[in-house]
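Working notes for the structure below.
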2 protein chains.
Amino acid sequence: MTDSIALDTVDLHILRLLQNDARTTYRDLAAEVGVAPSTCLDRVTRMRRTGVILGHQLRLDPARMGRGLEALLSVQVRPHRRELIGPFVERIRTLPESRALFHLTGPDDYLVHVAVADTADLQRLVLDEFTSRREVARVETRLIFQQWECGPLLPPSATTAGPGTCQASEPD
Amino acid sequence: MTDSIALDTVDLHILRLLQNDARTTYRDLAAEVGVAPSTCLDRVTRMRRTGVILGHQLRLDPARMGRGLEALLSVQVRPHRRELIGPFVERIRTLPESRALFHLTGPDDYLVHVAVADTADLQRLVLDEFTSRREVARVETRLIFQQWECGPLLPPSATTAGPGTCQASEPD
DNA sequence: TTTGAAACGCCGTCGCC
DNA sequence: GGCGACGGCGTTTCAAA
């Protein structure tokens, strides 16, 4: 189900360009990659159908929206049983403050990335939505000073051998 | 510089729709929101210029690209001085395995979200790129069982009072 | 499977309200 | 500031190779 898909040089080149700017036109993609625009459309459509491309997302600035403070909350849920964590996950997911939620190995079961207005807002969130819940045994709050998005996501160089070569041929 | 921008009902409605699918056409946005397409274009252009909208990003499935294992690495850097953390951050940012990097409060200075092929690949990454660095005092590795993207990012309800109302009027 | 070209539909400026 | 229309362009289809 989650098998890795064979991606050739053209696919990877397109992915790298689209990760720089997802609004790049097929016409510009084609000029850059060296194929016809219709071919680019074909490749992108295929990668959407095979699940490599999940979707196009808008990147917003939380600070410009009145959420100038971000934090990571490590949450220990006890007892860690399905009938408790189901509602917990669903509740946390739908909070307007939540940006991402991870279920992790280790002593802290969940990590929640939240964006709030200020420290008072953060305190309210932690008290009202986390520590007040019976199944939440412990919450550890860490503020985010700074964060970086990292380079384009590409397959490992030597992996995914198969019908297509899976490494980039031309650096930027 | 990072003042929150006044966003009215139309802006927020557009943002919610674009966060579902960033490729929604202005024509479809207009039909949904109840204004003219040119008005939608106007609003989006303004939000791009004011920095609310940072850009359009492609969402990919790491598993389909041969990176079926994700992990969070908590890294303690000692001594925590600018001349050491600058190159460290730059190196980690440009690793093909890195997806995101956070500078945090608390005993662990950095959190790195990585995507790798398997546990052997993860071990290689930790040994070669983290514990082998002189300034890295400690690395704690936690695997990601599951992760969730959360709802659309919107301003806090009561905050950002001003010329425009900043709360959503119509639920989906 | 890629391509070139043609038809369609969207974008984005503009003048007007 | 929002609206409607028009010109230009990007997208998408399709038949051929």
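Chain letters run A, B, ... following the sequence lines, proteins first and then strands; every chain starts at 1.
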Once pairs are restricted to Watson-Crick or G-U wobble with both distances under 3.5 Å, how does DNA chain C read as a dot-bracket string, [ ] for crossings and | for other-strand pairs? |||||||||||||||||
Residue pair Asp11(B), Arg46(B): steps toward the salt bridge (Lys or Arg N to Asp or Glu O under 4.0 Å) verdict: CA-CA 10 Å; Asp11(B) 292 319; Arg46(B) 192 179 325 176; 5.8 Å; no
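- When hydrophobic side chains of Ile, Leu, Val, Met, Phe, Trp and Tyr are connected at separations under 4.5 Å, Phe145(A) ends up as a singleton with no cluster partners.
- Within the 4.5 Å cutoff, side-chain heavy atoms of Asp8(A) are placed close to those of Arg43(A).
- Counting only heavy atoms from C-beta outward, the side chains of His103(A) and His80(A) approach each other to under 4.5 Å.
- Enclosure of atom CD in Gln123(B) is not indicated, since only 12 or fewer non-hydrogen atoms of other residues, nucleotides or ligands lie within 6.0 angstrom.
- For the contact set between residues 47-58 of chain B and DNA chain D, defined by any heavy atom under 4.0 Å, there are no members.
- Linking Ile, Leu, Val, Met, Phe, Trp and Tyr whenever their side-chain heavy atoms come within less than 4.5 Å leaves Leu60(B) and Leu69(B) in two separate clusters.
- Within 4.0 Å (heavy atoms only), Thr25(B) reaches sugar-phosphate atoms of the nucleic acid but no base atom.
- For Arg138(B), the CZ atom sits in a packed shell: over 12 heavy atoms of surrounding residues, nucleotides or ligands are nearer than 6.0 Å.
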Test Leu7(A) against Leu15(A) for side chain to side chain contact (heavy atoms under 4.5 Å, CB included), laying out the working first. CA-CA 10 Å; Leu7(A) 300 171; Leu15(A) 286 183; 4.2 Å; yes
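- Atom CG in Leu111(A) sits 7.5 Å away from atom CG in Leu73(A) (nearest 0.5 Å).
- Note that the first and last nucleotides of DNA chain D, 5' to 3', having any atom under 4.0 angstrom from a heavy atom of chain B are dG2(D) to dG4(D).
- Arg23(A) comes within 4.0 angstrom of no nucleic acid atom, judged by non-hydrogen atoms across all strands.
- Among the heavy atoms of the strands lying under 4.0 Å from Thr39(A) is at least one base atom, whether or not backbone atoms are also near.
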Do Leu84(A) and Arg134(A) pass the side chain to side chain contact (heavy atoms under 4.5 Å, CB included) test, and can you show the C-alpha distance, the side-chain angles, and the key distance before you say yes or no? CA-CA 9 Å; Leu84(A) 285 176; Arg134(A) 214 182 305 259; over 6 Å; no
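- Side-chain contact, Thr50(A) with Arg64(B): no donor N or O sits under 3.5 Å from an acceptor N or O.
- The closest side-chain heavy-atom distance from Arg93(A) to Ser98(A) is not below 4.5 Å.
- Nucleotides of DNA chain C with any atom under 4.0 Å from a heavy atom of chain B span, from 5' to 3', dC10(C) to dT13(C).
- Residues forming a salt bridge (Lys or Arg N to Asp or Glu O under 4.0 Å) with Arg133(A) (at least two apart in sequence, or on another chain): Glu135(A).
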